[in-house]
Amino acid sequence: MGLLSNVFKRNTGDATPQKPAVVKTDAAEQLKPKPMNKEVKIVAKKIEVGYVHMSGCTGCLVSFADNYDKLFTILDRYVELCSCLALIDARHMDTMDIAIVEGSVCIQDKLSVDEIKETREKAGIVVALGGCACYGNITRFCRGGQQNQPQLESFVPIGDLIKVDLYIPGCAPTPQQIRNVCVMAYLLLRGDDKQKELATAYLTPLMKLAQGGTEACGCDLMTNVINQGLCMGCGSCSASCPVRAITMEYGKPNIERDLCIKCGACYAQCPRSFFNEAIISQYEAIDDAVKGALQ
Ligand code: SF4
Ligand code: SF4
């Protein structure tokens, strides 16, 4: 037995030092780490969506966010957001199922032109979200001459530079429109045959809108609806105009052209513009599918 052991024995006796007894209380029990409940996510089946921000005001993205809890449901179950500068820290664009593009493109800004072309190369489906991406909207009125880049004077809708598959018009588009397109795109790419059929019925008019060109104005109502004897005076155009450029006079829309910002919302909302029986007759099934998906 060594010297230190002897000294220890002499000072403390043979008794082994006792640890203070731990009194179990409810509080101590509560502090114990509890087994974590693993979150279940159907990640593998999600579609990859990139949100591309061009010359837009972020209002379209805010409208997307205005889906509140439904946005989380969409992101949890259906959509993997693979790029979106405002929300996630992904600096480089990767291949994706769908690119949702907000804003028009300034053709004097080489980076923007390159980015929209890259978007087309990387995305299976390109969606123009909002009046600026679809029709130029307020950026149609840009004339340049402002510091610190006076040369930035020409802004064009993305469809003037790349092929666009689908339009979601509006300034800003409604949260429901964006939500519906996300769910329907998921059903189109991941659903069974019946769901694909339903999604096609929903998305076809929006695809046709994209094939209809990149110019819009309140005058579309005059030339394509009123002058064709189609207007029924419902007032949907007036209700949808974000700048109150349309007033109903004697039961027909009157357009204040100097107020019009060329967003295309009025024509898109008019039930006599691209009236589509395929979607009207399936309205309940579409409504049920979207509500069911987001429950
Ligand atoms: S009249 Fe109103 S809704 Fe129609 S394009 Fe002009 S700003 Fe948009
Ligand atoms: S939405 Fe179409 S049908 Fe209705 S009032 Fe306007 S132009 Fe006429």
Side-chain angles (χ1 to χ4, degrees), residues 54-64 66 100-105 127-143 154-160 164 166-178 180-181 202 204-281 283 286-287:
M54 305 303 298
S55 296
C57 70
T58 318
C60 295
L61 183 62
V62 171
S63 190
F64 192 13
D66 278 347
I100 297 178
V101 185
E102 172 185 336
S104 59
V105 184
V127 176
L129 177 64
C132 295
C134 298
Y135 300 115
N137 202 18
I138 192 78
T139 64
R140 285 283 192 195
F141 298 88
C142 288
R143 296 291 179 269
S154 318
F155 292 75
V156 297
I158 63 169
D160 280 359
V164 180
L166 198 139
Y167 278 2
I168 308 179
C171 180
T174 64
Q176 291 81 0
Q177 274 179 301
I178 309 173
N180 289 1
V181 168
Y202 183 85
T204 299
L206 300 177
M207 290 180 197
K208 287 201 173 143
L209 209 52
Q211 290 157 14
T214 57
E215 286 182 22
C217 175
C219 297
D220 296 339
L221 292 178
M222 287 198 289
T223 48
N224 299 338
V225 183
I226 304 163
N227 292 356
Q228 304 300 321
L230 295 172
C231 178
M232 58 181 174
C234 67
S236 299
C237 51
S238 178
S240 67
C241 178
V243 293
R244 297 281 178 266
I246 305 175
T247 47
M248 299 302 287
E249 287 174 25
Y250 303 106
K252 286 283 161 15
N254 185 43
I255 298 123
E256 188 90 40
R257 282 175 299 166
D258 282 351
L259 287 180
C260 173
I261 55 168
K262 300 183 183 293
C263 69
C266 53
Y267 186 70
Q269 288 296 321
C270 172
R272 291 291 174 88
S273 59
F274 60 112
F275 183 79
N276 190 287
E277 284 191 21
I279 190 173
I280 299 292
S281 61
Y283 175 78
I286 288 167
D287 198 42

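Every number for a ligand or one of its atoms is a count from 1 in the order of the listing.
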In this structure, CD of Glu102 is separated from CD1 of Ile178 (nearest 0.5 Å) by 9.0 Å

Contact region, Gln269 to ligand 2, non-hydrogen atoms below 4.0 Å, reads neither

- Task: Carefully, step by step, assess Leu259 and Arg244 under the rule side chain to side chain contact (heavy atoms under 4.5 Å, CB included).
- Result: CA-CA 8 Å; Leu259 287 180; Arg244 297 281 178 266; 5.8 Å; no

Output for pair (Asp287 CG, Asn180 CG), nearest 0.5 Å, gives 8.0 Å

Ser236 heavy atoms within 4.0 Å reach ligand 2 at atoms 1 (S)

For Met248, the atoms of ligand 2 under 4.0 Å from one of its heavy atoms are 5 (S)

For atom 8 (Fe) of ligand 2, the closest protein heavy atom turns out to be Cys231 SG, 2.3 Å

- Hey, are the side chains of Pro253 and Ile226 touching, using non-hydrogen atoms and a 4.5 Å cut-off? yes

min-distance protein heavy atom vs atom 7 (S) of ligand 1 -> Ile261 N, 3.3 Å

**Request:** List the steps, then state whether side chain to side chain contact (heavy atoms under 4.5 Å, CB included) holds for Tyr135 with Arg140.
**Result:** CA-CA 8 Å; Tyr135 300 115; Arg140 285 283 192 195; 5.5 Å; no

min-distance protein heavy atom vs atom 5 (S) of ligand 1 -> Gly264 N, 3.3 Å

### Val156/Ser104 under side chain to side chain contact (heavy atoms under 4.5 Å, CB included): CA gap, chis, key distance, verdict
CA-CA 5 Å; Val156 297; Ser104 59; 6.0 Å; no

Separation between CD (Gln211) and OH (Tyr167), nearest 0.5 Å, reads 10.0 Å

query: Could a heavy atom of Pro271 be found less than 4.0 Å from some atom of ligand 2?
result: yes

So the atoms of ligand 1 within less than 4.0 Å of a heavy atom of Cys260 turn out to be 1 (S), 5 (S), 6 (Fe), 7 (S)

Per-atom filter on ligand 2: closer than 4.0 angstrom to a heavy atom of Gly233 are 5 (S), 8 (Fe)

Give a yes or no on whether the backbone of Cys219 and the side-chain of Arg257 come within a donor-acceptor separation of less than 3.5 Å.
no

The atoms of ligand 1 lying under 4.0 Å from a heavy atom of Gly218, numbered in the order shown, are 1 (S), 4 (Fe), 5 (S), 6 (Fe)

In ligand 1, the atoms that come under 4.0 Å of a heavy atom of Val243 are 7 (S)

request  = Take Glu256 and Thr247 through the test side chain to side chain contact (heavy atoms under 4.5 Å, CB included) and record every step on the way to the result.
outcome  = CA-CA 8 Å; Glu256 188 90 40; Thr247 47; over 6 Å; no

the protein heavy atom lying closest to atom 3 (S) of ligand 2 turns out to be Met232 N, 3.5 Å

Margin query: Restricting to N/O/S atoms, is Cys234 within less than 2.8 Å of atom 8 (Fe) of ligand 2 or not?
Written below: no

Rounded to the nearest 0.5 Å, the CG atom of Leu221 sits from the CG atom of Asn254 at a distance of 11.0 Å

So for Asp220 against ligand 1, with non-hydrogen atoms under 4.0 Å, the contacting part is neither

Atom 4 (Fe) of ligand 1: closest protein heavy atom, distance to 0.1 Å, is Cys266 SG, 2.3 Å

_Metal check, atom 2 (Fe) of ligand 2 vs Cys270 N/O/S, cut-off below 2.8 Å_ = yes

If we number the atoms of ligand 1 from 1 as shown, the ones under 4.0 Å from a heavy atom of Ile246 are 1 (S)

Is there a side-chain contact between Cys60 and Pro173 (heavy atoms, below 4.5 Å)? yes

closest protein heavy atom to atom 6 (Fe) of ligand 2 is Cys237 SG, 2.3 Å

_Is it the case that the side chain of Ser236 and the backbone of Cys270 share a donor-acceptor pair, with hydrogens and angles ignored and the cut-off at 3.5 Å?_
no

One should read off an interatomic distance between Cys237 SG and Arg272 CZ, to the nearest 0.5 angstrom, of 12.5 Å

The closest protein heavy-atom partner of atom 2 (Fe) of ligand 1 is Cys241 SG, 2.3 Å

Contact with ligand 1 for Ala216, non-hydrogen, under 4.0 angstrom: no

Taking only non-hydrogen atoms of Leu221 and a 4.0 Å limit, the atoms of ligand 2 in range are 7 (S)

